[in-house]
Asks: 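Before anything else, here's the structure in question.
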Amino acid sequence: MVEPHSDKHRELYDFKSIEDRWRNFWSEQGFFRARTEATEDKFYYLNMFPYPSGSLHVGHGRNYIIGDVITRAKIMRGLQVLNPMGWDAFGLPAENAAIEHETHPWTFTKKNIEIAKEQFRNWGVQFDWDREVTTCLPDYYKWTQWLFIQLYKHGLAYKKKATVNYCPTCDTVLANEQVVGGACERCGTPPQPRDLKQWFFKITDFAQQLLDDLDKLEKWPDNVIKMQENWIGRSEGAKVVFTTTADDPITVFTTRPDTLWGATFMVLAPEHPLVDKLTTEEQRDAIAEYQDMAARASAIERMSTDREKTGVFTGGYAVNPANGEKAPVWIADYVLMTYGTGAIMAVPAHDERDYAFALKFGLPIIPVIDRIDDRAKAFVPTAAMGSGMAAALDAIDLPYHRSDAGVLVLPTRADLDAGIDAIQSNLAPNSYATIVGARFAFIFPDDVIELDSVQSDREIVLRSALLTGSGFTARTAMEILHNIEGYSELLCHAEYGSMVNSGQFTGTPGDRAKLEVSEWLEEKGIGRATVNFRLHDWLISRQRYWGAPIPIIYCDQCGMAPVPDAELPVKLPEVEFIGKMGLGDIPGFVDTVCPTCAGPARRDTDTMDTFVDSSWYFLRFINSQDADKVFDRDDVDHWLPVDQYVGGVEHAILHLLYARFITKALCNMGHLGFDEPFARLFTQGMVCHTAYRCSEHGWLFPHEVKDSACPRCGKEVETDYFSMSKSKKNVVNPAKIIDQYGADTERLYTMFMGPPDRDIEWSEEGIRGAFRFLNRLWNLIITNVDRLADVDATVDSGPLAGDGAALWRRVHRTIKKVSEDIEDRFSFNTAVAAIMELFNELSAYIAGDEVDAALLRQAVDALVLILSPFTPFICEELWQRIGHTDSILEQAWPTFNASALAEETIEVPVQINGKVRARIRVARATNADPKALEAAVLASPEVEKRIEGKEIIKVIAIPEKMVSIVVR
RNA sequence: GCCGGGAUGGCGGAAUUGGCAGACGCAAAGGACUUAAAAUCCUUUGAGGGUAUCCUCGUGCGGGUUCAAGUCCCGCUCCCGGCACCA
């Protein structure tokens with residue numbers, strides 16, 4: 001380490017005064033003000049804008065510091081950078097806070113915005129504040145309403161009935177997130193379902209496009225792409241129409257039209273509209289009771305997947321169009337009204353759920369798809385073993401298991417006939433055996449009955465009952481088989497095998513079956529191939545105050561009409577205290593005049609989902625100060641798509657899907673020239689911290705816990721890592737860190753602590769490490785300011801040797817690495833590590849005997865420049881101290897000299913029999929040529945010694961990598 | 001259940017295209033400075049053995065491919081996330 005001559009007078013790293021000096025500098029200089037009309041290469045960086053809920057913690061900081069690092073580097077690259085910020089300010093928490101404090105939601109929101117802005121300033125995180133948007137202000141939501149009207153005019157916004165959760169105690173509609181554990185989050189009352197007419201956006205029109213265009217998003221994380229795929233949930237199948245005992249037919253969606261012949265019953269969702277018509281008088285009470293229970297159960301919560309199947313027979317029947325069989329119609333809550341048509345054809349032999357249901361309620365199960373693995377099992381109960389059975393089975397040489405209960409034979413498809421023959425001819429009188437898998441049959445002494453139809457199912461049950469006598473309870477053949485040990489895995493499968501027991505389609509191979517049946521359905525006019533999506537239309541109506549009012553007017557004479565553009569925005573009424581009510585409860589709000597006939601009319605009293613506000617804000621930033629139009633088409637086309645979008649993975653589905661949908665919709669309408677809003681997406685991980693919890697008194701602040709005991713009851717507290725949140729009392733306040741160590745230290749540690757896409761634990765020790773590094777950096781440069789004065793940074797690398805040459809190479813290698821890590825790899829932790837390595841080498845070099853002044857200058861300049869995006873305050877200060885007069889942001893990002901990357905002599909590891917045994921230095925030229933490299937290595941004394949007296953089998957020489965020698 | 005992602009020293013993590021495992025930082029131990037402590041600086045630090053120059057083992061587990069595997073293939077275990085009775 002350097003021994004500075006004037007140690008006692010050395011200036012200490014006074015981060016407070018340094019950071020105060022530069023805190024306003026960058027924004028005052030306008031470095032972060034993007035010129036909309038600029039023609040240089042642009043870079044639109046965007047962080048997901050926050051909901052202003054209170055002060056931000058160090059975990060939030062991670063998000064914005066990433067953006068600040070990237071944009072500072074891009075500015076130095078000479079790009080026209082746009083990094084705007086705004087507030088996703090509508091929503092429930094503000095409304096709740098307003099209710100709690102008896103203030104207006106805006107009061108709460110405004111205060112939080114001020115706090116957050118000050119926090120950004122303290123972090124040194126810069127935005128183009130001239131473009132700030134706040135979704136709850138009329139100059140923004142005017143355009144949210146404009147967007148609604150555009151969608152309405154293009155048929156993409158429509159009204160229909162939907163169920164909401166209504167809390168009778170609070171006398172208000174609850175948002176889904178207000179229903180916690182099946183009860184109102186505030187009063188604990190179970191909510192009641194209520195049907196209201198509500199607005200929807202027709203996102204399903206874009207389902208296929210939203211799915212297809214995921215392929216375009218090459219620079220999105222795979223997991224987000226997958227989540228969106230799952231959410232859209234495309235599945236290919238067919239719609240099939242079943243006639244019924246009521247007048248109306250039942251239409252079902254199935255992904256397996258090839259299993260139609262096995263559809264032995266139908267199941268409707270309890271709330272399916274046809275239930276009423278199909279229900280017979282005898283069943284009416286039972287059906288009503290079940291419907292009631294289902295309605296309540298769905299409100300209480302989705303139960304786990306593996307709960308027992310329940311359901312009730314309606315008394316009505318449908319007709320299977322494939323084989324004319326009567327299929328009883330049931331209702332059950334495992335069929336969802338919200339997917340497909342709300343009705344299914346149940347194929348119990350090839351669907352686990354239908355199988356369980358059929359078994360429980362005694363409905364016939366007929367296999368119609370062959371096994372693809374050819375496995376089969378035949379069971380002969382001990383009582384059915386005739387005298388010759390054992391010998392006969394031995395004779396055909398099949399594997400079998402014997403137990404007290406009987407013999408379980410394992411034939412393959414080829415042995416089936418021989419096996420059945422052997423069993424049948426050796427059955428004891430009045431007994432039977434069974435076979436399942438590649439073939440389903442009951443083997444009676446005088447007959448073999450295949451389980452191939454509902455009739456044969458009945459016949460089998462009758463004959464078995466006769467032979468068994470009293471105690472026989474099975475209602476179906478499959479029920480008999482289900483009770484035989486060892487059979488269960490062969491009774492139901494969902495593979496695509498050849499069709500069997502399916503009339504003229506029997507024998508159709510599995511890879512064609514779906515298609516051929518679909519075509520046949522279409523020919524017969526009883527169905528057709530259909531694509532179904534899990535994605536539903538987007539319900540945007542909210543019965544709340546704190547949101548953008550839906551700009552629709554209802555007139556008794558003229559019907560429904562949008563508010564004319566000139567009358568936008570429809571402002572939220574300014575009322576003192578809102579409480580739990582919606583707009584309908586505010587006197588005077590609904591009253592308006594009809595835009596068509598000027599007669600009295602009513603306003604829509606709902607507000608829009610806050611996801612609508614955030615589904616287009618990235619467009620508004622381009623022309624946010626334009627009061628006359630939402631955006632300028634040319635400007636928006638130039639600046640978008642967003643080059644880099646960064647935010648939490650919790651928005652991987654809804655926000656990103658809605659933003660993509662709105663972009664596509666606006667593009668279709670001709671408002672935009674692009675149809676994907678975000679070219680590149682990055683989702684950062686959360687910052688976790690220890691949280692303390694007492695089983696009795698809940699979450700505790702760390703300072704409350706002494707000797708891991710609860711301060712109130714003395715009980716031992718549980719500790720675990722959780723992402724920082726106020727409710728878990730484990731947030732780290734950046735103000736405290738900044739006060740103690742400075743913003744640069746927080747920034748450096750935040751970027752250094754781990755890969756940015758992963759969750760990570762905040763560590764107090766880590767912070768001190770970052771602080772120590774900045775102190776070392778400060779001390780080294782400040783104590784060497786004299787040596788740097790008036791030196792030109794142009795290095796003549798020719799005469800450099802030894803440590804000098806090594807440092808020179810390190811400087812250039814580090815520039816390359818840090819550039820790639822920041823701009824391409826999103827690997828800030830390794831960029832910081834590389835800078836630390838450069839610093840360590842620089843320190844050692846300075847402490848040495850010979851110091852090349854130009855090299856020192858170049859190294860220090862480069863170090864300060866490439867570190868500056870991470871720690872802008874200290875770097876800006878040092879930059880001035882070492883004699884520069886311009887701001888760092890006016891400097892070009894340093895470039896590396898390619899010739900500096902390669903060393904003159906390179907150390908080549910030598911493996912002998914797979915283990916590294918030596919390292920040989922060879923010249924660069926030698927290393928480039930495999931032959932020369934091999935020769936040089938074999939000739940080296942160290943290697944010679946190692947392989948002496950051994951036979952060389954093989955030598956692999958890979959230039960730039962290593963040499964591997966195989967000896968014996 | 002299905003779909004993603006992950007597992008590397010005491011800890012956070014690095015190894016970018018199959019090529020020297022453990023960069024960088026933290027923590028710990030020893031030393032220097034100090035009356036002392038803190039701060040700072042120096043040294044050591046995957047495990048085991050020889051204690052020198054070196055050898056053996058080692059990236060969740062079990063196999064495999066290869067001159068060479070944290071990295072590729074097959075089969076598991078555990079953890080995290082998403083979806084979940086989706087027909």
Side-chain angles (χ1 to χ4, degrees), chain A residues 1-3 7 12 221-231 233-235 237 252-256 259 263 267 269 302-307 309-310 332-336 338-347 350-354 356-357 494 532-535 649-650 652-653 683 685 748-749 752-755 757-770 772-773 775-776 779 817 820-821 824-825 827 829-840 907-919 953-958 960-967:
Chain A
M1 196 32 217
V2 212
E3 278 310 315
D7 198 27
L12 295 175
D222 293 345
N223 60 333
V224 175
I225 301 263
K226 273 279 176 274
M227 280 189 227
Q228 295 223 344
E229 266 174 34
N230 292 342
W231 191 261
R234 182 184 196 274
S235 50
V252 301
F253 173 74
T254 175
T255 54
R256 296 298 301 270
T259 63
V267 187
R302 295 210 84 79
M303 297 287 167
S304 71
T305 344
D306 45 34
R307 83 191 228 255
K309 294 273 180 292
T310 57
D333 64 1
Y334 82 91
V335 173
L336 310 174
T338 52
Y339 185 81
T341 61
I344 62 159
M345 62 178 212
V347 184
H350 304 291
D351 181 288
E352 288 287 349
R353 295 154 301 175
D354 298 344
F357 192 85
N532 191 62
F533 292 95
R534 202 190 78 102
L535 181 70
V649 73
E650 67 274 18
I653 297 170
T683 53
L748 186 68
Y749 171 62
F752 181 60
M753 61 183 168
D757 55 342
R758 229 183 281 176
D759 286 356
I760 195 141
E761 185 200 337
W762 181 268
S763 128
E764 314 296 333
E765 289 77 28
I767 267 285
R768 286 206 292 276
R772 270 200 293 266
F773 173 76
N775 273 284
R776 285 199 298 271
N779 292 338
K817 177 162 178 59
E820 289 168 357
D821 282 357
D824 305 327
R825 291 186 59 219
S827 183
N829 54 327
T830 52
V832 172
I835 292 170
M836 287 174 169
E837 283 180 80
L838 170 60
F839 173 82
N840 290 344
E907 199 179 71
V908 180
V910 180
Q911 288 188 355
I912 296 169
N913 287 345
K915 292 205 165 79
V916 177
R917 296 297 189 195
R919 294 180 176 84
I953 312 256
K954 196 173 180 183
V955 179
I956 298 119
I958 314 283
E960 311 288 331
K961 300 274 195 210
M962 64 178 334
V963 175
S964 188
I965 305 168
V966 188
V967 298

Asks: Which whole number of Å gives the distance between the P atom of B:U71 and that of B:C55?
Replies: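 Result for the P pair: 24 Å, nearest Å.
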Asks: Check whether any side-chain N or O of A:Y749 sits under 3.5 Å from a backbone N or O of A:S763 as a donor-acceptor pair, and report yes or no.
Replies: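 Yes, because the side chain of A:Y749 sits within donor-acceptor range (under 3.5 Å) of the backbone of A:S763.
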Asks: Is the base of B:U17 touched by the side chain of A:K961 through a donor-acceptor pair closer than 3.5 angstrom?
Replies: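 Answer is no: no donor-acceptor pair is held.
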Asks: For A:I760 and B:A14, what is the distance between atoms CD1 and C1' respectively, to the nearest whole Å?
Replies: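 Rounded to whole Å, this separation is 13 Å.
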Asks: Check whether any side-chain nitrogen or oxygen of A:R917 sits under 4.0 Å from OP1 or OP2 of B:C55, and answer yes or no.
Replies: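 True: A:R917 side-chain N/O within range (under 4.0 Å) of B:C55 OP1/OP2.
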Asks: Which nucleotide wins on minimum distance to the side chain of A:N223, given the candidates B:U16, B:C20, B:G4?
Replies: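 The closest nucleotide is B:G4.
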Asks: Could I get a table of every N or O pair under 3.5 Å where one atom is in the protein and the other is in nucleotides 81-83 of chain B?
Replies:
residue, atom, partner, partner atom, Å
B:C83, O3', A:R534, NH1, 3.3

Asks: Using whole Å, what does the distance between atom C1' of nucleotide B:G6 and atom CG of A:D222 come to?
Replies: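 It is 14 Å, rounded to the nearest whole Å.
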Asks: In whole Å, what is the span from the CD atom of A:E761 to the P atom of B:C80?
Replies: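 So the two atoms are 16 Å apart, to the nearest Å.
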Asks: Kindly indicate whether the side chain of A:K309 and the base of B:C85 share any N or O donor-acceptor pair separated by less than 3.5 Å?
Replies: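 By the distance-only test, yes, there is a pair.
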Asks: Do A:I344 and A:Y334 have side-chain heavy atoms sitting under 4.5 Å apart?
Replies: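 When only atoms from C-beta onward are counted, A:Y334 and A:I344 do touch, with a gap below 4.5 Å.
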Asks: Could you give the distance separating B:G5 and B:G10 at their C1' atoms, to the nearest angstrom?
Replies: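 Their C1' atoms lie roughly 26 Å apart.
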Asks: Does a nitrogen or oxygen in the side chain of A:R758 sit under 4.0 Å from OP1 or OP2 of B:C79?
Replies: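 No, because none of the side-chain N or O atoms of A:R758 sits under 4.0 Å from OP1 or OP2 of B:C79.
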Asks: Take nucleotides 22-31 of chain B nucleotide by nucleotide from the 5' end and write B, S or -, depending on whether a protein heavy atom sits under 4.0 Å from the base, only from the sugar-phosphate, or from neither.
Replies: -BBSSS----
Asks: Once you apply the 3.5 Å cut-off to both distances, tell me the Watson-Crick or G-U wobble partner of B:A52, or none.
Replies: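 The answer is none; no pair meets the criterion.
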Asks: Tell me which of A:V224 and A:P909 sits closer to the 5' end of RNA chain B, going by the nucleotide each one is nearest to.
Replies: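 Looking at RNA chain B, the more 5' nearest nucleotide goes with A:V224.
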Asks: Whole angstroms only, please: what is the CD-C1' distance between A:E352 and B:G1?
Replies: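 Distance, rounded to whole Å: 10 Å.
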Asks: Rounded to whole angstroms, how far apart are OH on A:Y749 and C1' on B:G13?
Replies: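 Spelled out: OH on A:Y749 to C1' on B:G13 is 11 Å.
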Asks: Whole angstrom is fine here: how far is it from CG in A:D824 over to P in B:U16?
Replies: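 Result: 15 Å.
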Asks: Pick the nucleotide of RNA chain B nearest each of A:S827 and A:V963; which residue has the one closer to the 5' end?
Replies: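 The residue mapped nearer the 5' terminus is A:S827.
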Asks: Looking at every non-hydrogen atom in both residues, tell me the closest pair between A:R256 and A:M345 and how far apart they are.
Replies: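 Smallest heavy-atom distance, with atoms named: O-CE, 3.6 Å.
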Asks: Take the protein atom CG of A:D759 and the nucleotide atom P of B:G12, then report the distance between them rounded to whole Å.
Replies: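 Atom CG in A:D759 sits about 14 Å away from atom P in B:G12.
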Asks: Base, sugar-phosphate alone, or nothing: which one does A:V955 contact when heavy atoms must sit under 4.0 Å apart?
Replies: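 Nothing, no heavy atom under 4.0 Å.
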Asks: In terms of side-chain heavy atoms of A:F253, which of B:U16, B:C57, B:A87 is nearest?
Replies: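 The answer is B:A87.
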Asks: Mind calculating the distance between CD (A:E650) and P (B:C80) to the nearest angstrom?
Replies: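 From A:E650 CD to B:C80 P: 19 Å.
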Asks: Would a 4.5 Å heavy-atom cut-off, applied to side chains only, mark A:D351 and A:T259 as touching?
Replies: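 No, too far: nothing below the 4.5 Å cut-off.
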Asks: Scan A:I953 against the nucleic acid and name what it touches under 4.0 Å (heavy atoms): base, sugar-phosphate only, or nothing.
Replies: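 Nothing, no nucleic acid heavy atom in range.
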Asks: I'd like a table of atom pairs between the protein and nucleotides 64-67 of chain B - only N or O on both sides, under 3.5 Å - with the distance next to each one.
Replies:
residue, atom, partner, partner atom, Å
B:C67, OP1, A:K954, NZ, 3.0
B:C67, O2, A:S964, OG, 2.6

